[in-house]
Amino acid sequence: GFIMTGHTWTTDWAGDIYLIKLDATGNMMWDQTYGGASGLSDKGYSVQETLDGGYIVSGTTESYGAGGDDLYVIKTSSTGVVQWTRTVGSSGTSEAGREIQQTSDGGYIVTGYTDGGGFLDVLLVKLSSSGLVQWSKVYGGNSYDFAYSVQETIDNGFILGATTNSFGAGSWDAYLIKVSSNGSLQWSKTYGLAGEDRLQAVRQTSNGEYILCGRSNTFGFGDYDATLLKTDGFGNLQWAKSFGGPLEDQAWFVGEYSTGGFVICGYAYSFGAGSRDLFMIKTDPNGISGCNEISGSLVTN
């Protein structure tokens, strides 16, 4: 079946975390909401099935924690019953958890952002299998930096997909961060031109390289276009593609499929029935889809 998370206003006008379980044909099996007092916002951004058949959810909460927005993690059973929760944050700052993954040691890795330094910085938190914070790290510069995506790598480190205003060619640039198993920075790369190039998801490929997706207004067909970038195992850019039309189009998820190509999912204003429509793109291993596609050359730093 399928599991998905987000937030709902049906029980609280400010929003509660919403978890939905579907069967293999998309029929709802159960749904659960998680939140606090009315008027306080709690949002889910990422969910994954865990090794014990339950689920791990990450997001942000105003209802619990130290105050303001805190990073929020919920561990549930296979039926959505809460087994434990964890908040990460401090009074006077805002934190959010954008993606969470279970790690090979049975614990969890979650990334997002914190504004503890006055600007947003990338936040990476490692939790034990019972939700205890083992370590947390912050990455960034003297402006805004935030992460949407994290994955454990084959060397037991982690790859982070982020966006930076601190480094790169100017404005917003895609920001790829590689760290060790204890969060120590091993290398980072930016990809962009003078305009806006954002990274919104990353996955390691079967051969140990990286595939990235996001949006760009520096090359493409006009406004923002969905982008797909391929790097080697050290973050060196191999190629860059954009997909779209004259209006805003974005990519929010990327995956590799069994024949070695890639699938991208996001939304499009340029195509469809009007307004914002679901946008899915399938490419070969070289990023070629055969339609609405253009190659680009981004500066790597």
Side-chain angles (χ1 to χ4, degrees), residues 6-7 14-15 17 40-46 57-73 86-101 108-127 133 135-151 158-179 183-185 187-202 212-218 224 227 235 250-253 266 301:
H7 55 278
I17 293 172
L40 297 177
S41 178
D42 307 290
K43 296 180 179 180
Y45 288 113
S46 176
V57 180
S58 66
T60 186
T61 180
E62 288 183 335
S63 299
Y64 311 107
D69 290 318
D70 283 346
L71 183 152
Y72 194 32
V73 175
R86 179 66 56 194
T87 62
V88 178
S90 57
S91 178
T93 67
S94 293
E95 284 78 25
R98 296 305 300 242
E99 184 172 31
I100 192 165
Q101 298 269 295
Y108 304 95
I109 193 75
V110 57
T111 195
Y113 64 77
T114 176
D115 68 355
F119 294 97
L120 294 184
D121 285 315
V122 173
L123 177 63
L124 185 67
V125 180
K126 177 67 171 63
L127 303 175
V133 175
W135 50 260
S136 65
K137 300 285 186 177
V138 173
Y139 315 95
N142 58 5
S143 189
Y144 291 92
D145 311 285
F146 48 87
Y148 287 117
S149 185
V150 64
Q151 185 186 37
F158 304 100
I159 194 74
L160 287 78
T163 294
T164 180
N165 195 233
S166 298
F167 312 111
S171 187
W172 298 100
D173 281 349
Y175 187 26
L176 189 64
I177 305 168
K178 176 66 173 69
V179 304
S184 297
L185 181 65
W187 52 260
S188 65
K189 298 283 188 179
T190 64
Y191 314 93
L193 296 170
E196 184 174 314
D197 302 279
R198 291 181 182 247
L199 172 53
Q200 290 164 176
V202 63
L212 297 62
C213 77
R215 75 180 194 190
S216 174
N217 68 2
T218 64
Y224 291 103
T227 54
Q250 294 197 39
W252 281 92
F253 171 84
N301 290 300

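As the structure is a computational prediction, the values presented were derived from the model and not from experiment. Excluded from the calculations below are hydrogen atoms, water molecules and symmetry mates; all remaining heavy atoms, backbone and side chain alike, are included.
- Across all non-hydrogen atoms, the minimal contact from Ala14 to Ser41 is O-OG, 3.3 Å.
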### Query
Would Thr60 and Tyr45 count as a side-chain contact (heavy atoms from CB on, under 4.5 Å) if you check the C-alpha gap in whole Å, the side-chain angles of each, and the deciding distance to 0.1 Å?
CA-CA 8 Å; Thr60 186; Tyr45 288 113; 4.0 Å; yes
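- To the nearest 0.5 Å, the span separating CD on Gln101 from OH on Tyr108 amounts to 11.5 Å.
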### Query
Where do Thr227 and Asp197 land on the side-chain contact (heavy atoms from CB on, under 4.5 Å) test, with the steps shown first?
CA-CA 9 Å; Thr227 54; Asp197 302 279; 5.7 Å; no
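- Separation of atoms OG (Ser166) and OH (Tyr139) is listed at 15.0 Å; rounding is to 0.5 Å.
- Residues Ile159 and Lys178 meet the side-chain proximity criterion, which asks for heavy atoms closer than 4.5 Å.
- Nearest heavy-atom pair across Ala147 and Arg98 is O-CG, 3.5 Å.
- Side-chain N or O atoms of Glu196 include none that pairs as donor or acceptor with a backbone N or O of Ser171 at under 3.5 Å.
- Here the side chains of Trp187 and Leu176 are in contact, with some heavy-atom distance below 4.5 Å.
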### Message
Would Tyr144 and Thr163 count as a side-chain contact (heavy atoms from CB on, under 4.5 Å) here? Give the steps.
### Response
CA-CA 8 Å; Tyr144 291 92; Thr163 294; over 6 Å; no
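- How far CG of Leu120 is from CZ of Phe146: 7.0 Å, rounded to the nearest 0.5 Å.
- Residues Ser63 and Asp42 come closest through the heavy atom pair OG-OD2, 2.7 Å.
- No side-chain heavy atom of Asn165 sits under 4.5 Å from any side-chain heavy atom of Phe119.
- A donor-acceptor contact closer than 3.5 angstrom links the side chains of Asp145 and Thr164.
- Side-chain atoms of Ser149 and Glu99 include a donor-acceptor pair closer than 3.5 Å.
- Asp70 and Thr61 are not linked by any side-chain donor-acceptor pair at a separation below 3.5 angstrom, with hydrogens and angles left out of the test.
- Leu124 has its side chain within reach of Leu160: a pair of non-hydrogen atoms, C-beta onward, lies under 4.5 Å apart.
- The OG1 atom of Thr218 sits 4.0 Å away from the CG atom of Leu193 when rounded to the nearest 0.5 Å.
- Tyr175 has its side chain within reach of Ile177: a pair of non-hydrogen atoms, C-beta onward, lies under 4.5 Å apart.
- Residues Val110 and Ser58 approach most closely at CG2-CB, 3.8 Å, considering heavy atoms.
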#### Entry: Intermediate values then yes/no, side-chain contact (heavy atoms from CB on, under 4.5 Å), Glu62 and Tyr72
CA-CA 9 Å; Glu62 288 183 335; Tyr72 194 32; over 6 Å; no
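- Although no hydrogens or angles enter the test, the distance criterion places a donor-acceptor pair under 3.5 Å between the side chain of Ser46 and the main chain of Ile100.
- The aromatic rings of Trp252 and Tyr148 sit perpendicular, their planes meeting at an angle over 60°, well past the 30° parallel limit.
- The shortest heavy-atom contact between Ala201 and Phe253 is CB-CA, 4.0 Å.
- Annotation: the span from Leu71 atom CG to Thr93 atom OG1 amounts to 10.5 Å, rounded to 0.5 Å.
- At distances below 3.5 Å, at least one donor-acceptor pair connects side-chain atoms of Thr111 with backbone N or O atoms of Leu123.
- Lys137 places none of its side-chain heavy atoms less than 4.5 Å from the side chain of Val179.
- Closest heavy-atom contact between Ala169 and Gly192: CB-O, 3.6 Å.
- Atom CG of residue Asp121 and atom CD of residue Glu95 lie 10.5 Å apart, to the nearest 0.5 angstrom.
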